[in-house]
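Just so you know, these numbers use all the heavy atoms, side chains as well, and skip hydrogens, waters and symmetry mates. All residue numbers refer to positions in the sequence shown, counting from 1.
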Amino acid sequence: MGGSRVYFAMARDGVFLPSFSKIHPKWHSPYVSIFFQAFVAILFLFVKEIEALLYMITCSILILSCLTAATPFRFEKMGMKSDYKIPLYPLPIFLYIFANIAVMTILFIEKPITAGWGLMITLIALPVYYGFRLDQKMVKVKK
């Protein structure tokens with residue numbers, strides 16, 4: 001149910017479809033988000049080879065892990081300070097990102113089409129996200 005929480009939070013923050021933020025009146029759960037996640041999971045069942053599915057998902061996860069690992073750089077650029085110190089900063093972050101890129105390279109060498117689908121699925125989210133952000137800015141300007 002972790003994915004449904006992400007859909008719910010994004011919808012609540014205005015960067016995803018508003019219907020995904022609906023809470024069931026009796027069960028107090030994000031039921032639209034849960035149904036969407038179940039629908040996507042069912043679609044993935046139609047992938048014939050489990051290995052292909054793992055390649056697609058792994059490629060997507062590695063890309064998102066690199067972006068997550070780079071967040072300290074983004075926070076630093078924004079002037080945000082943290083009490084937590086990363087030992088040998090920034091070396092561990094660079095090593096982690098490099099290792100992820102190395103694994104992605106191996107995936108693309110071994111199964112370029114399948115890994116490409118994983119990359120494409122991840123990249124499709126970018127225009128959707130920025131479309132919702134632009135829509136939110138337009139709504140604020142109109143007010």
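Hydrophobic clustering places Phe108 together with Val103 (ILVMFWY residues linked when any side-chain heavy atoms are closer than 4.5 Å, directly or through intermediates). One hydrophobic cluster holds both Met104 and Leu126 under the rule that ILVMFWY side chains link at heavy-atom gaps under 4.5 Å. In terms of hydrophobic clustering, with Ile, Leu, Val, Met, Phe, Trp and Tyr side chains grouped at heavy-atom distances under 4.5 Å, Tyr89 and Tyr84 are assigned to a common cluster. Hydrophobic cluster membership differs between Leu67 and Met78, with clusters built from Ile, Leu, Val, Met, Phe, Trp and Tyr side chains linked at under 4.5 angstrom.
A donor-acceptor pair under 3.5 Å is absent between the side-chain atoms of Ser60 and the main chain of Met56, judged by distance alone. The closest donor-acceptor contact from the side chain of Thr58 to the backbone of Tyr55 lies at 3.5 Å or more, if one exists at all.
Using a 4.5 Å cut-off on side-chain heavy atoms (C-beta onward), Met120 and Leu123 make no contact.
Sparse packing is recorded around CZ of Phe35, with 12 or fewer heavy atoms of other residues, nucleotides or ligands lying under 6.0 Å away. By the 6.0 Å contact criterion, CD1 on Ile113 is open, its count of non-hydrogen atoms from other residues, nucleotides or ligands being 12 or less.
Scanning both residues, Cys59 and Leu119, for their nearest heavy atoms gives SG-N, 4.0 Å. Residues Ser65 and Tyr96 share a closest heavy-atom pair of CB-OH, 3.4 Å. The two atoms that bring Ile101 and Cys66 nearest to each other are CG1-SG, 4.4 Å, heavy atoms only.
Expressed to the nearest 0.5 Å, how far OG1 of Thr68 lies from CD1 of Ile93 amounts to 11.5 Å. Going from atom CD1 of Ile86 over to atom CG of Leu91 covers 11.0 Å, rounded to the nearest 0.5 Å. Rounded to the nearest 0.5 angstrom, Leu54 CG and Lys111 NZ are separated by 10.5 Å. Interatomic distance, CD1 of Ile57 versus CG of Leu62, reported as 12.0 Å (0.5 Å rounding).
Here the two rings, on Phe94 and Phe73, have centers that are under 6.0 Å apart.
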